[in-house]
2 protein chains.
Amino acid sequence: MATVSRVLNKHPSVSLKTRLKVESVIQRLQYEPNMLGRNLRISQSRMLLILVPSISNPFYSKIVQGIEDVARKHNYNILLCTTDTDIEREKIYFDLVKHKLADGVISMDPAVDWDDLIGEGRNYPVIQCCEYSENSQIPYVSIDNRMAAYKAVKHLITLGHRKIAMINSDPRFLYARLRKEGYLKALEEYGIPYREEWSIHTDLGFESGQRAMRAFLAQEDKPTAVFCVSDTLAIGALKGIKEEGLRVPQDIAVVGFDNIQFASMMNPTLTTVAQPMYEMGCEAARMLIHKLNHPDDPLRSVILDHELIIRESTMG
Amino acid sequence: MATVSRVLNKHPSVSLKTRLKVESVIQRLQYEPNMLGRNLRISQSRMLLILVPSISNPFYSKIVQGIEDVARKHNYNILLCTTDTDIEREKIYFDLVKHKLADGVISMDPAVDWDDLIGEGRNYPVIQCCEYSENSQIPYVSIDNRMAAYKAVKHLITLGHRKIAMINSDPRFLYARLRKEGYLKALEEYGIPYREEWSIHTDLGFESGQRAMRAFLAQEDKPTAVFCVSDTLAIGALKGIKEEGLRVPQDIAVVGFDNIQFASMMNPTLTTVAQPMYEMGCEAARMLIHKLNHPDDPLRSVILDHELIIRESTMG
DNA sequence: TTTTTGGATGTAATCCATTACATTCGTAAT
DNA sequence: ATTACGAATGTAATGGATTACATCCAAAAA
């Protein structure tokens, strides 16, 4: 009955009397509205699709937290999907939006070119978070990766290091390229030549950091400092260094990136570039929800602040 | 048109000719099926609701991974919601099931009594994972928490420790009570008296572990070993010990619980009870999906194996 | 040739809540 | 007392896919 719907939606034009009556009947019958009907009618799922490469990296968890908090406040639920950086999977998940099971997407996966995936003309609600494509038409929220890396490496240089290695991730990701640029810029500024053998590309797992570190330490001429593009890598590197019986920071200094919670729990505690993860998540969610409410408003991308957090792994 | 539906669902009784025709038209019109209509009609959302206290604890992330992998295989998506151990929120999320936005629930939140929440008679598809209520009618997957704690504490005792503290979580959670029982049983078995002042209840954050440790170390008579009910607490404890300039394990030994990835990355590496997190997630998902397909099959709860992993934090 | 049979296709009801529009009713204005 | 108006309620269309059932047609059987 129409009136039931009006009661449920708190429509003003229902008399107190009928409202009470309806409510009591709802009680008695244990009636629960079926949202599938509602969703079909209003053509909304009130779901936000969140695409992360992996849920195990605390970096993403924190961002998701931000997204979730904002989403909840606006009465959206989140559909969390891990892509493993697999483009095929990403495409399949994007179908959830095409098929109306999700109203919009926040993607943190570096692997996909969304401008491509969406295609011309279409105006799907998509926000990129952390990672994005250069010259993208799709709005994103991120930090100034180049500058952040530059500051991190400069910090090492001012501590006297001249032999600085870098553990990077896959260069097909923009953030990896940008951070490398920052690294190079700092080296260049201080007249330090770039050495190919002190630069490794890998995935973000601990073990990869550990492995990369071992590789550096196996070299004739060892670096005295390492800049890692993620805290997970840096934590692996710490482990690799300890295995060899070397000390941090006396023998080798280590800088991470992200400032995940664990960074401050390590021994030694980890110097790192803090990204405002929670805030980035919130902002991405806000942008997406704004886009859902105002599909034609053009959205401006957002660059949030970062901060170099100096801890024991660079300054004993 | 009915035939379109038949083509989409690969119904056998469509002639090749019409199928091709329909497919080409679908191509041309860029037609995308609207799942909201489908969902309404077949009265399924193909979503699984996953309730976790917090997504930041890597323990839960790993379980969620298992759930997701199985869910994907069966064509379900997961709706991840964090409850912050807030019963009200949990109830609201459970409405998603009542309202047909999710087909079933896997709950990892210790705070809720599901038997209560669901009420008599109703047969909602709910699985509890890790945490459950005693004498619950609702199937769960977990480990033998009492035995696991017993083994961990016994390990400390056989190393010669007699002053063993425990950092526990809220005793209204069953796992907290069971692990305490295991702890007490081990003490008793070796004739070690229980000391109230060496038992702290707190939440699972690092800082709480750190704080608890500080409290122990501020006491006149300090423990020589600490058993923590989670790795996050243990990691905080390590930090608290280091702050005081004491060494692990020489001055104090530490045992954690869960075996999150970080446990092996710590310095010293953490002795801990390994829970088969990924496997638990998979099993929970399998059970739930089975229940969805066979609502009336009674499901048996599952107890999976645990393992004590001995590392540096107890044996230098 | 006529009837039967079964496969392919079309028609229309269905799932459930929302909402434009129609109707009713009570009250205020004339 | 009668009209007019607005508030409250009811009726019916709508959204999109599924599916029971009806219909159609061609090939096989009589």
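Excluded from the calculations below are hydrogen atoms, water molecules and symmetry mates; all remaining heavy atoms, backbone and side chain alike, are included. Each chain gets a letter, A, B and so on, in the order the sequences are listed, and its residues count up from 1.
Side-chain contact between Tyr132(B) and Ile127(B) is absent, with no heavy-atom pair separated by less than 4.5 Å. Counting heavy atoms from C-beta on, the side chains of Glu131(A) and Leu174(A) come closer than 4.5 Å.
The Ala2(A) side chain lies nearest to dT11(D) when the options are dT11(D), dT9(C), dT9(D).
In this entry the distance linking CD of Glu32(B) with C1' of dA17(D) reads 15 Å, nearest Å. What separates NZ of Lys10(A) from C1' of dA8(D) is a distance of 19 Å, to the nearest Å. Distance, Lys21(B) NZ to dG10(C) C1': 12 Å, rounded to whole Å. Rounded to whole angstrom, the span from the CG atom of Leu101(A) across to the C1' atom of dA17(D) amounts to 13 Å. Look at CD1 on Ile42(B): it is 15 Å from P on dC15(C), rounded to the nearest Å. The distance between atom CZ of Arg46(A) and atom P of dT18(C), rounded to the nearest whole Å, is 13 Å. Here the P atom of nucleotide dG16(D) and the CG atom of Leu8(B) are 15 Å apart, to the nearest Å. Spacing between atom CD of Gln44(A) and atom P of dT19(C) amounts to 10 Å, rounded to whole angstrom units.
Within the nucleic acid shown, Ser15(A) comes within 4.0 Å of sugar-phosphate atoms alone, with no base atom in reach, counting heavy atoms only. Val14(B) comes within contact range of the sugar-phosphate backbone alone, with a heavy-atom separation under 4.0 Å but no base atom that close. Heavy atoms of Leu40(B) sit under 4.0 angstrom from at least one base atom.
With hydrogens and angles ignored, a donor-acceptor pair under 3.5 angstrom links the side chain of Arg6(B) to the base of dG10(C). Counting distance only, with no hydrogens placed and no angle test, the side-chain atoms of Arg38(A) and the base atoms of dG15(D) include no donor-acceptor pair under 3.5 Å.
Remark: Ser230(A) OG to Leu204(A) CG distance equals 4.5 Å, nearest 0.5 Å.
Of the candidates Leu49(B), Leu51(B), Ile55(B), Ile55(B) is the only one forming a side-chain contact (heavy atoms from CB on, under 4.5 Å) with Leu80(B).
Side-chain N/O atoms of Tyr31(B) include one lying less than 4.0 angstrom from OP1 or OP2 on dA17(D). Proximity of Ser13(A) to the phosphate of dA7(D): no side-chain N or O atom is located under 4.0 Å from OP1 or OP2. In terms of phosphate contacts, Thr3(B) brings a side-chain nitrogen or oxygen within less than 4.0 Å of OP1 or OP2 of dG10(C). Look at Asn9(A) and you'll find a side-chain N or O under 4.0 angstrom from OP1 or OP2 of dT18(C).
Position along DNA chain C of the nearest nucleotide to Pro33(A) versus Thr18(B) favours Thr18(B) as the more 5'-ward residue. Mapped onto DNA chain C by nearest heavy atom, Ser5(A) and Lys17(B) fall at different nucleotides, with Lys17(B) at the one closer to the 5' end.
Counting heavy atoms of neighbouring residues, nucleotides and ligands inside a 6.0 Å radius, atom CD of Glu32(A) exceeds 12 of them.
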